[in-house]
Amino acid sequence: MTRVRFAPSPTGYLHIGAARSALFNWLYARKVGGKFLLRIEDTDLQRSTDESTRSIIEGLEWLGLDYDEEKVFQSDNADKHRAAARKLVDEGKAYRDFTPKEERGDANVKQDIADRARAHAAEGIDHRSNPFRDLAKDESDRRAAAGEPFAIRLKVAREGASHFADIVYGDQDRAYSEIEDLVLLRSDGHPLYNLSVVLDDIEMGITHVIRGQDHLTNTHKQILIYQALGAAVPQFAHLPLILAPNKAKLSKRKHGEVVSLTTYRDRGFVPAAFRNFLALLGWSPPEGKEILSKEELIEAFSLEAIGRANAVFNFHENDPRHWTDDKALWMNAEYIRTMPLDELLPMVKEELRAEKLWREEYDDDEREWFSNVVDLIRQRFFTLKDFSSQGRAYFSEDFDLDEAAVRKNILKEAKLRELLPQLATRLDQVEPFTAANAETALRTFAEETQQKAGLFINASRTMLTGQSVGPSMFDVFEIMGRERSAMRLRSQRPWNEFQV
RNA sequence: GGCGCAUUGGUGUAGUUGGUUAACACGCUGCCCUCUCAAGGCAGAGAUCACGGGUUCGAGUCCCGUAUGCGCUGCCA
């Protein structure tokens with residue numbers, strides 16, 4: 001039985017890269033009929049928060065990624081991890097290191113490491129040398145018993161090499177000489193990441209580890225731990241990273257909310273659309289068809305079809321029209337205008353509710369009307385937010401008139417101030433009030449007044465919706481209804497609100 | 001510094017075991033449609049497949065080197 005897991009650390013929001021890892025794990029599990037498990041890696045107690053755990057779970061739920069079995073909190077297993085480390089010492093596969101802990105500033109760790117390595121190389125120091133590696137067991141036991149603090153390090157073989165075949169990246173080899181004796185347990189008794197993941201993965205019976213490529217080289221160390229523990233080594237599949245437009249690592253600090261999954265929910269993404277978009281980052285469907293439902297994704301998915309080059313997540317944070325990847329936006333628009341209306345309606349309802357535009361009638365007497373409006377206006381919307389912003393005039397009298405639209409379509413022609421109310425009067429007499437009849441009335445009126453129909457059409461659009469763009473005007477008349485249409489045509493707002 | 005991984009148009013990707021004009025999607029430009037904007041249809045611009053060497057009758061596809069980027073190198077995860 002295939003068992004995979006998603007193992008995020010709850011230190012902030014759910015990153016889209018992590019979300020994609022979760023997606024791929026989930027797709028693989030569903031594809032092969034295995035289990036998709038969730039483990040919260042909260043060993044870093046200072047940085048882990050319950051709020052973050054909640055947002056991760058919400059994020060998975062939003063994407064439609066259901067997990068099997070009970071979720072595991074890594075911190076619950078700390079005792080087992082400690083015990084395992086001690087056992088390795090007893091077996092001589094690990095040793096106590098009594099070297100005092102070296103404090104590291106969190107700021108430029110990477111730089112420190114590189115500097116240290118350079119210095120060691122210059123001085124000809126073998127970075128693997130450790131005076132405690134070969135300390136006699138009884139001496140080590142004695143010092144430990146005396147209360148001297150120590151860390152536990154894995155004893156890495158001096159000769160040989162580690163090898164594994166990554167499903168995505170292929171054969172991976174690493175000489176043991178490149179691997180330091182890694183710390184398993186901190187001197188304060190805290191188990192470290194590499195030990196914890198391995199132990200938990202063993203306990204959870206994980207058969208395939210699917211995770212970010214940033215763990216590719218760490219995998220050799222983890223395999224060493226599996227071997228020391230005498231456990232079976234799972235299969236590994238590493239995923240290419242998702243990078244920022246400048247090809248730098250996508251980070252919370254530098255890139256802000258675009259990398260947070262919740263942003264997409266809050267800014268009106270349809271879950272299926274974002275899931276679809278995410279699936280296309282690093283993976284491509286064999287048939288070339290890119291719009292794929294959940295079921296189609298599962299059907300088409302395979303680890304072998306995952307690429308090896310990092311993907312760039314293209315966004316322009318200061319451009320409201322392109323605040324996130326263009327393709328993601330397009331995908332969302334595509335879903336909004338083509339998905340079954342029944343599935344879209346509840347999402348629009350939520351959006352209107354949040355913006356206090358929802359009326360219970362839409363679920364009752366005006367259900368059909370509501371459904372028609374949504375179907376009419378969804379054609380040119382990009383996000384669910386558009387229903388309450390650009391679509392506001394359909395649901396409320398309290399909507400803004402776009403100044404540019406008013407100037408272009410109304411104020412430019414002074415005579416409209418007289419003509420629009422006359423047009424309203426014509427519409428009062430249309431029966432039944434359908435798009436076709438409204439059109440006839442408007443065109444007749446245009447002929448009689450010797451104006452172009454377009455003048456009235458565009459002016460009407462702005463009067464009724466506040467905007468210069470939108471659906472076919474006669475459909476708008478019909479959906480707005482006679483009363484509202486006539487009333488808005490008689491409105492003096494353009495002249496009251498803007499200087500002519 | 002060491003080690004590892006990657007490198008196909010602006011972005012995401014296809015390119016079977018090397019073999020005609022490098023394919024698709026997003027974006028972009030133009031045209032059609034038209035009451036606007038989208039959508040849709042049509043047409044198009046944009047890649048000497050990072051660069052340099054090889055191997056070969058022939059390389060985006062194989063080999064070597066260089067560059068660039070990313071990752072790891074921590075008593076972080």
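Only heavy atoms go into these numbers, but all of them, side chains included; no hydrogens, no water, no symmetry mates. We name chains A, B, ... by the order of the sequence lines, and we start the count at 1 in each one.
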Next on the checklist: What's the closest nucleotide to the side chain of A:R174 if the choices are B:rG2, B:rC75, B:rA77?
Outcome noted: B:rG2
Checklist entry - How close or far is atom P of B:rU11 from atom CG of A:N246, stated in whole angstroms? => result 12 Å
Checklist entry - Should the pair A:R407-A:E403 be classified as a salt bridge under the 4.0 Å nitrogen-to-oxygen rule? => result yes
Item to check | Distance, rounded to the nearest Å, where A:E290 contributes CD and B:rU13 contributes P | outcome: 10 Å
Item to check | Sugar-phosphate only, base, or nothing, as touched by A:S9 at under 4.0 Å among non-hydrogen atoms | outcome: sugar-phosphate
Item to check | Nucleotide nearest A:T217 when distance is taken to its side chain, options B:rC5, B:rG71, B:rA77 | outcome: B:rG71
Item to check | Atom-pair distance (CE on A:M331; P on B:rC24), nearest Å | outcome: 18 Å
Next on the checklist: Taking any heavy-atom pair under 4.0 Å as a contact, classify A:Q172: base, sugar-phosphate, or nothing.
Outcome noted: sugar-phosphate
Item to check | B:rG9 versus B:rU66 - spacing of their P atoms, nearest Å | outcome: 23 Å
Checklist entry - Within this structure, what is the CG-to-C1' distance between A:L376 and B:rA39, rounded to whole angstrom? => result 13 Å
Checklist entry - What nucleic acid atoms does A:R443 come within less than 4.0 Å of, heavy atoms only: base, sugar-phosphate, or nothing? => result sugar-phosphate
Checklist entry - Any idea which of B:rU7, B:rC5, B:rU73 is nearest the A:N218 side chain? => result B:rU73
Checklist entry - Does the distance from a Lys or Arg side-chain N to an Asp or Glu carboxylate O, for A:R128 and A:E180, drop under 4.0 Å? => result no
Next on the checklist: Which nucleotide, if any, forms a Watson-Crick or G-U wobble pair with B:rA47, using both distances under 3.5 Å?
Outcome noted: none
Next on the checklist: Classify A:Y193 by what it touches in the nucleic acid, base, sugar-phosphate, or nothing, heavy-atom distance under 4.0 Å.
Outcome noted: base
Item to check | Rounded distance in Å between the C1' positions of B:rA22 and B:rG41 | outcome: 26 Å
Checklist entry - Across the strands shown, which category fits A:S187 at heavy-atom distances under 4.0 angstrom: base, sugar-phosphate, nothing? => result base
Checklist entry - What does A:P100 touch in the nucleic acid at a heavy-atom separation under 4.0 angstrom: a base, only the sugar-phosphate, or nothing? => result base
Checklist entry - Which part of the nucleic acid, if any, lies within reach of A:K452 when heavy atoms closer than 4.0 Å are counted: base, sugar-phosphate only, or nothing? => result nothing
Checklist entry - Can you tell me the Watson-Crick or wobble partner of B:rU17, both distances under 3.5 angstrom? => result none
Checklist outcome for this item: Atom OH of A:Y335 and atom C1' of B:rC26 are separated, to the nearest Å, by 15 Å
Item to check | Distance under 6.0 Å and angle within 45° of ring axis: A:R493 vs A:F399 | outcome: yes
Item to check | Pairwise 5' ranking along RNA chain B for A:W283 and A:D326, keeping only the more 5' one | outcome: A:W283
Checklist entry - Say you pick atom C1' in B:rA14 and the same atom in B:rU8; how far apart are they, in whole Å? => result 10 Å
Checklist entry - Looking only at atom P, what distance separates B:rU16 and B:rC62, rounded to whole Å? => result 9 Å
Item to check | B:rU17 and B:rC33, which share atom name C1', separated by this distance in whole Å | outcome: 49 Å
Next on the checklist: Using atom C1' in both nucleotides, what's the gap between B:rC64 and B:rA59 to the nearest angstrom?
Outcome noted: 15 Å
Checklist entry - Rounded to whole angstrom units, what separation is found between the CG atom of A:L280 and the C1' atom of B:rC24? => result 11 Å
Checklist entry - Between the side chain of A:T53 and the main-chain N/O of A:T49, is any donor-acceptor distance below 3.5 Å? => result yes
Checklist outcome for this item: Taking a pair to mean Watson-Crick or G-U wobble geometry with both distances below 3.5 Å, B:rA39 pairs with none
Checklist outcome for this item: Using Watson-Crick geometry (N1-N3 plus N6-O4 or O6-N4) or G-U wobble (N1-O2, O6-N3), each under 3.5 Å, B:rC33 is paired with none
Item to check | Full working for side chain to side chain contact (heavy atoms under 4.5 Å, CB included) between A:R5 and A:V197 | outcome: CA-CA 11 Å; A:R5 53 36 168 205; A:V197 243; 3.7 Å; yes
Next on the checklist: Does A:P240 reach a base, just sugar-phosphate, or nothing at all? Heavy atoms under 4.0 Å.
Outcome noted: nothing
Item to check | Centroid under 5.5 Å and tilt under 30°, A:H238 to B:rG71 | outcome: no
Next on the checklist: Any base atoms under 4.0 Å from A:F474, or only sugar-phosphate, or nothing? Heavy atoms, all strands.
Outcome noted: base
Checklist entry - A:F164 and ring pair (Phe, Tyr, Trp, His ring centres under 6.0 Å): which partner among A:Y226, A:F236, A:Y169? => result A:F236
Checklist entry - If you look at every strand shown and take non-hydrogen atoms under 4.0 Å, does A:N310 touch a base, only sugar-phosphate, or nothing? => result sugar-phosphate
Next on the checklist: Taking A:E413 first and then A:K415, would you say they form a salt bridge - that is, a charged N and a carboxylate O separated by under 4.0 Å?
Outcome noted: yes
Next on the checklist: Tell me whether the side-chain N/O atoms of A:R153 come closer than 4.0 Å to OP1 or OP2 in B:rC75.
Outcome noted: yes
Checklist entry - For A:N318, does its backbone N or O pair with a side-chain atom of A:H316 as donor and acceptor, under 3.5 Å? => result no
Item to check | Per A:N314 side chain, nearest of listed nucleotides B:rG10, B:rG71, B:rC37 | outcome: B:rG10
Checklist entry - Does a distance-only test, which skips hydrogens and angles, find a donor-acceptor pair under 3.5 Å between the side chain of A:R380 and the base of B:rC37? => result yes
Checklist entry - Under 4.0 angstrom, heavy atoms only, what part of the nucleic acid is A:K408 near: base, sugar-phosphate, or nothing? => result nothing
Checklist entry - Considering heavy-atom distances to RNA chain B, does A:R321 or A:I113 have its closest nucleotide positioned more toward the 5' end? => result A:R321
Checklist entry - Nearest to the side chain of A:A311 - B:rC35, B:rU7, B:rG12? => result B:rG12
Next on the checklist: Can you check the distance between B:rU7 and B:rU61, where both ends of the measurement are the P atom (answer in whole Å)?
Outcome noted: 11 Å
Checklist entry - With a non-hydrogen cut-off below 4.0 angstrom, is A:K101 in contact with a base, only sugar-phosphate, or nothing? => result base
Next on the checklist: By nearest atom, which of the nucleotides B:rC76, B:rU73, B:rG2 is closest to the A:E178 side chain?
Outcome noted: B:rG2
Checklist entry - Between atom CG in A:L243 and atom P in B:rC70, what is the gap in whole Å? => result 7 Å
Next on the checklist: Taking the cut-offs as 6.0 angstrom to the six-membered ring centre and 45 degrees off its axis, would you call A:R275 and A:F277 a cation-pi pair?
Outcome noted: no
Checklist entry - Atom NZ of A:K110 and atom P of B:rC70: how far apart are they, to the nearest Å? => result 13 Å
Checklist outcome for this item: A:R186 has its side chain closest, among B:rC3, B:rG27, B:rC75, to B:rC75
Checklist entry - When we call it a touch if two heavy atoms are under 4.0 Å apart, what does A:A305 touch: a base, just sugar-phosphate, or nothing? => result sugar-phosphate
Next on the checklist: When you measure only distances, ignoring hydrogens and angles, does the side chain of A:R461 come within 3.5 Å of the base of B:rC35 through a donor and an acceptor?
Outcome noted: yes
Next on the checklist: Taking the cut-offs as 6.0 angstrom to the six-membered ring centre and 45 degrees off its axis, would you call A:R143 and A:F98 a cation-pi pair?
Outcome noted: yes
Next on the checklist: Using Watson-Crick or G-U wobble geometry with both distances under 3.5 Å, which nucleotide pairs with B:rA59?
Outcome noted: none
Checklist entry - Which one, B:rG40, B:rU11, B:rU73, comes nearest to the side chain of A:D325? => result B:rU11
Checklist entry - C1' atom, B:rG53 versus B:rA45: distance in rounded Å? => result 33 Å
Checklist outcome for this item: Picking from B:rC75, B:rC70, B:rA77, the nucleotide nearest the side-chain atoms of A:L241 would be B:rC70
Checklist entry - Base, sugar-phosphate, or nothing for A:A151, non-hydrogen atoms under 4.0 angstrom? => result base
Checklist entry - From B:rA25, B:rG10, B:rG1, pick the nucleotide closest to the side chain of A:W330? => result B:rA25
Checklist outcome for this item: B:rC5 -> Watson-Crick or G-U wobble partner, both distances under 3.5 Å, gives B:rG69
